[in-house]
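Only one structure is covered here, and it is reproduced in the block below.
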Amino acid sequence: MNGKRRARAKAGVTAGMTAGVVCALALAACGPGDAPKESAAPKEQPTASATPSPTVPQGPPGVRPRKGEVRPISRTGDLPPVISSIPTRRKVVFLTIDDGWEQDPGFVQQIRDERIPITAFAMRDAVEAKGTPDQAGGEARYVGAGKWGYFRQLRDAGVAVENHTLTHPNLRLLGRAAQRKEICGTTQLIKREIGTRPALFRPPFGNYNTDTLLAAKSCGVRAVLLWTATVQPGGKIAYQVPDKRLRPGDILLLHFRPNLARDFRILVKKIKRRGYALGNLQAYVDAADPR
């Protein structure tokens, strides 16, 4: 019996020694980087401030005037001034677009994605698709497609929506009361549909008289906006100056026509290629007429 006990004890010692050798060999085979996870120092977690969030542009798009850059514009008494161009020497121009017939969703996306500054002069009958649409740029596809909802999308993309009358008449042929109905009626409509009150007014065809200015003033209009060049289908600029070139402070006139997104893309590239920036019209009018 004693011999059997001694044999079992010897076998236990041998097995223990064998297990110890195996464990030692296993530990020797582990490199420094293979230590058990429990022994590794915990990794530091990045804080919220360590990961910068993308900068989101704020405020209306477009170049804004520098201090002292813009010369004052002339006025006739307390009537709204008539502005064809902004008095600045900086290479900046301004894009405006009239009526509202063709409501291409691709144009809204372009304005939003590229943060292009434009001012839209809305005319009720065009926005609501009453009458004959402007198809100078080709066959119309989106006439009144979104109505005032389309202009709310433009507003949300940073576009200022201003006044271009209800029915697009030649104002010179109307008396003051009729002109006031056209201008004030549009102001009230835009305030109701867009939520902003127009400060700028563009007379149809560029036709106006003293009654127009008096009516505009009574409707809360701050300035009457004309233009120095028009943009034709294909993005071609039709100048109204003898040297046929862009000048600092030019106001360009476009229309909501077919193929607007394509033509607009051509126009913007052309303007930038000539070294001009696109300005925020409202900010420049404020600087030229600080009232």
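Just so you know, residue 1 is the first one in the sequence shown, and it goes up from there.
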Quick one: does Phe264's side chain get under 4.5 Å of Leu95's, heavy atoms only? yes

Close side-chain approach of Ile251 to Leu225, heavy-atom, < 4.5 Å: yes

Between atom CG of Asp250 and atom OG1 of Thr88, what is the distance when rounded to the nearest 0.5 Å? 11.5 Å

Determine all donor-acceptor pairs shorter than 3.5 Å in which one atom belongs to a side chain in residues 166-174; sequence neighbours excluded.
| residue | atom | partner | partner atom | Å |
| --- | --- | --- | --- | --- |
| Thr167 | OG1 | Glu182 | OE1 | 3.4 |
| Thr167 | OG1 | Glu182 | OE2 | 2.6 |
| His168 | NE2 | His164 | NE2 | 3.2 |
| Asn170 | OD1 | Arg172 | N | 3.1 |
| Asn170 | OD1 | Asn207 | ND2 | 3.3 |
| Arg172 | NE | Tyr208 | O | 3.4 |

Enumerate the disulfide bond (SG atoms under 2.5 Å apart) contacts for residues 183-259, please, sequence neighbours excluded, ordered by first and then second residue. Cys184-Cys219

Flag the pair Arg197 / Thr187 as yes when at least one side-chain heavy-atom distance between them is below 4.5 Å, and no otherwise. yes

Arg222 CZ to Gln282 CD distance, which is reported to the nearest 0.5 Å: 10.0 Å

Closest heavy-atom contact between Gly144 and Ala129? CA-CB, 3.9 Å

Rounded to the nearest 0.5 angstrom, the CG-CH2 distance for Leu154 and Trp148 is 11.0 Å

Is there a path of hydrophobic side-chain contacts, each under 4.5 Å between heavy atoms, that joins Val63 and Val159? no

By side chain to side chain contact (heavy atoms under 4.5 Å, CB included), which residues pair with Lys91, not counting sequence neighbours? Tyr276

Given the rule in the side chain to side chain contact (heavy atoms under 4.5 Å, CB included) test, do Asn163 and Leu200 qualify, once you have shown the distances and angles that lead to the verdict? CA-CA 6 Å; Asn163 190 324; Leu200 305 179; over 6 Å; no

Check side-chain hydrogen bond (donor to acceptor under 3.5 Å, both in side chains) between Lys270 and all other residues, then give those that pass, not counting sequence neighbours. none

Shortest non-hydrogen separation from Arg202 to Leu226 and the atoms involved: NH2-O, 2.8 Å

Hey, does Leu278 have a side-chain heavy atom less than 4.5 Å from the side chain of Val268? yes

Of all residues at least two apart in sequence or in a different chain, which pass the salt bridge (charged side-chain N to carboxylate O under 4.0 Å, His left out) check with Asp211? Arg176

So, for Gly138 and Asn259, which heavy atoms are closest and what is the spacing to 0.1 Å? CA-ND2, 4.5 Å

N/O donor to acceptor pairs below 3.5 angstrom from side-chain atoms of residues 77-86, sequence neighbours left out:
| residue | atom | partner | partner atom | Å |
| --- | --- | --- | --- | --- |
| Asp78 | OD1 | Lys217 | NZ | 3.4 |
| Asp78 | OD2 | Lys217 | NZ | 2.5 |

Are Val127 and Ile111 in one and the same hydrophobic cluster, where Ile, Leu, Val, Met, Phe, Trp and Tyr link if side-chain heavy atoms are under 4.5 Å apart? yes

Closest non-hydrogen atoms of Arg155 and Ile194, given as atom of the first, atom of the second and distance, are NH1-O, 2.6 Å

Run the side-chain hydrogen bond (donor to acceptor under 3.5 Å, both in side chains) test against Arg75 and tell me which residues pass, sequence neighbours left out. Asp289

Would you say Gln179's side chain and Ala215's backbone share a donor-acceptor pair under 3.5 angstrom? no

Can we call the ring centroids of Phe256 and Phe151 under 6.0 Å apart? yes

With sequence neighbours excluded, residues passing side chain to side chain contact (heavy atoms under 4.5 Å, CB included) with Arg192: Leu189

Transitive ILVMFWY side-chain link Leu254 to Ile116, under 4.5 Å: yes

Give me the atom names and distance for the closest heavy-atom approach of Pro61 to Pro117. O-CB, 3.5 Å

Could you check whether any side-chain heavy atom of Leu246 comes within less than 4.5 Å of a side-chain heavy atom of Ile271, counting everything from C-beta outward? yes

For the backbone of Gly100 and the side chain of Tyr150, can you confirm whether one donor and one acceptor N or O come within less than 3.5 Å of each other? no

In chain order, what residues pass the side chain to side chain contact (heavy atoms under 4.5 Å, CB included) check against Val241, with sequence neighbours excluded? Tyr239, Asp243, Arg247

Residues Leu213, Val224; criterion side chain to side chain contact (heavy atoms under 4.5 Å, CB included); working and verdict: CA-CA 8 Å; Leu213 302 182; Val224 174; 3.7 Å; yes

Minimum heavy-atom separation for Ile183 and Thr212, please, with both atom names. CD1-O, 4.1 Å

Which side-chain hydrogen bond (donor to acceptor under 3.5 Å, both in side chains) pairs, counting each pair once, include a residue from residues 133-147, with sequence neighbours left out? Asp134-Arg257

Would you check if Asp98 and Leu253 make a side-chain contact, meaning some heavy-atom pair closer than 4.5 Å? yes

Output, in order, the C-alpha distance, side-chain angles, deciding distance and verdict of side chain to side chain contact (heavy atoms under 4.5 Å, CB included) for Gln232 and Ile237. CA-CA 6 Å; Gln232 304 302 317; Ile237 303 175; over 6 Å; no

Mind checking whether Phe94 and Ile118 have side chains closer than 4.5 Å, heavy atoms only? no

Are Val221 and Phe121 in one and the same hydrophobic cluster, where Ile, Leu, Val, Met, Phe, Trp and Tyr link if side-chain heavy atoms are under 4.5 Å apart? yes

Tell me, please, which residues at least two apart from Ala126 pass side chain to side chain contact (heavy atoms under 4.5 Å, CB included). Asp99, Trp101, Met123

Under 3.5 Å, is there a donor-acceptor pair linking the side chains of Thr119 and Glu162? no

Tyr284: partners by side-chain hydrogen bond (donor to acceptor under 3.5 Å, both in side chains), with sequence neighbours left out: Glu69, Arg90

I'd like to check Asp125 versus Thr165 (side-chain heavy atoms, cut-off strictly below 4.5 Å). Are they in contact? no

Would Lys236 and Ile266 count as a side chain to side chain contact (heavy atoms under 4.5 Å, CB included) here? Give the steps. CA-CA 8 Å; Lys236 180 181 179 181; Ile266 294 170; over 6 Å; no

Can a side-chain donor-acceptor contact be found between Gln188 and Thr186 if the only test is distance below 3.5 angstrom? no

Would you give the length of the straight line joining atom CZ of Phe107 to atom CZ of Arg112, rounded to the nearest 0.5 angstrom? 11.5 Å

State plainly whether one hydrophobic cluster holds both Phe201 and Leu252, where clusters connect Ile, Leu, Val, Met, Phe, Trp and Tyr through side-chain heavy atoms under 4.5 angstrom apart. no

